[in-house]
Amino acid sequence: KTKSIWSISKIQNGVMRTNCMDCLDRTNVVQSAIGRYILSCQLRQGKKGKKKILKLNETNHRLVWANNADAISRLYAGTPALKGDFTRTGQRTKRGAVNDGWNSLQ
């Protein structure tokens, strides 16, 4: 019998569900915030609080999440996701609002 290097350290005991009846983009913003929070908790456990690693992974998470949202939105609606500036940077910008307006008209 071979011994595995993997072990179960925690068991998931719940699920977070978000839903917005009229807007996938608001749902995505909420899910990205929850996902970033969970990722940071998991990284803190594994990295013992190395802030540089945590910050780098938060930035990467934001970019990957926003790029995925754009890909799904293009398939679903034919345009990039709205509020991409907020998902990528954590801040709503005037340029992002203008881009959202433009995309909404397409």
Side-chain angles (χ1 to χ4, degrees):
K1 184 176 177 181
T2 59
K3 189 171 181 176
S4 174
I5 61 169
W6 300 100
S7 66
I8 298 173
S9 60
K10 290 193 176 198
I11 296 176
Q12 178 177 329
N13 60 10
V15 175
M16 176 65 71
R17 180 187 162 144
T18 57
N19 190 30
C20 182
M21 292 177 57
D22 66 339
C23 184
L24 289 174
D25 298 305
R26 284 193 294 265
T27 301
N28 186 51
V29 168
V30 170
Q31 289 175 340
S32 70
I34 294 167
R36 261 191 325 280
Y37 172 75
I38 297 301
L39 176 63
S40 104
C41 289
Q42 291 171 336
L43 290 173
R44 272 192 204 99
Q45 286 177 346
K47 302 296 182 190
K48 301 295 180 203
K50 293 184 178 176
K51 291 186 181 194
K52 185 175 182 180
I53 291 172
L54 291 174
K55 183 64 178 167
L56 176 64
N57 281 299
E58 179 180 340
T59 301
N60 288 336
H61 179 270
R62 285 180 181 276
L63 294 176
V64 168
W65 196 283
N67 291 342
N68 185 58
D70 284 342
I72 291 170
S73 183
R74 281 188 181 100
L75 290 170
Y76 183 78
T79 63
L82 303 179
K83 298 177 183 70
D85 57 329
F86 183 80
T87 305
R88 284 181 174 82
T89 66
Q91 297 178 16
R92 192 70 172 126
T93 64
K94 289 179 185 176
R95 174 149 182 126
V98 169
N99 287 343
D100 286 353
W102 178 256
N103 288 331
S104 294
L105 295 174
Q106 294 183 10

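Please read all numbers here as calculations on a predicted model, not as lab measurements.
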Determine whether V30 and M16 fall in the same hydrophobic cluster, where Ile, Leu, Val, Met, Phe, Trp and Tyr are linked whenever their side-chain heavy atoms lie under 4.5 Å apart. yes
Output for pair (Q31 CD, R17 CZ), nearest 0.5 Å, gives 10.0 Å
Rounded to the nearest 0.5 angstrom, the CG-NZ distance for N103 and K83 is 11.5 Å
Chi angles and distances behind the side-chain contact (heavy atoms from CB on, under 4.5 Å) call for R88, L63:
CA-CA 5 Å; R88 284 181 174 82; L63 294 176; 4.2 Å; yes
Salt bridge (Lys or Arg N to Asp or Glu O under 4.0 Å) filter on R92, not counting sequence neighbours, yields D85, D100
Tracing side-chain contacts under 4.5 Å among Ile, Leu, Val, Met, Phe, Trp and Tyr outward from I11 reaches I8
Rounded to the nearest 0.5 Å, the CG atom of N67 sits from the CD1 atom of I72 at a distance of 11.5 Å
Correct closest heavy-atom pair for R74 and P80 would be NH2-CG, 3.5 Å
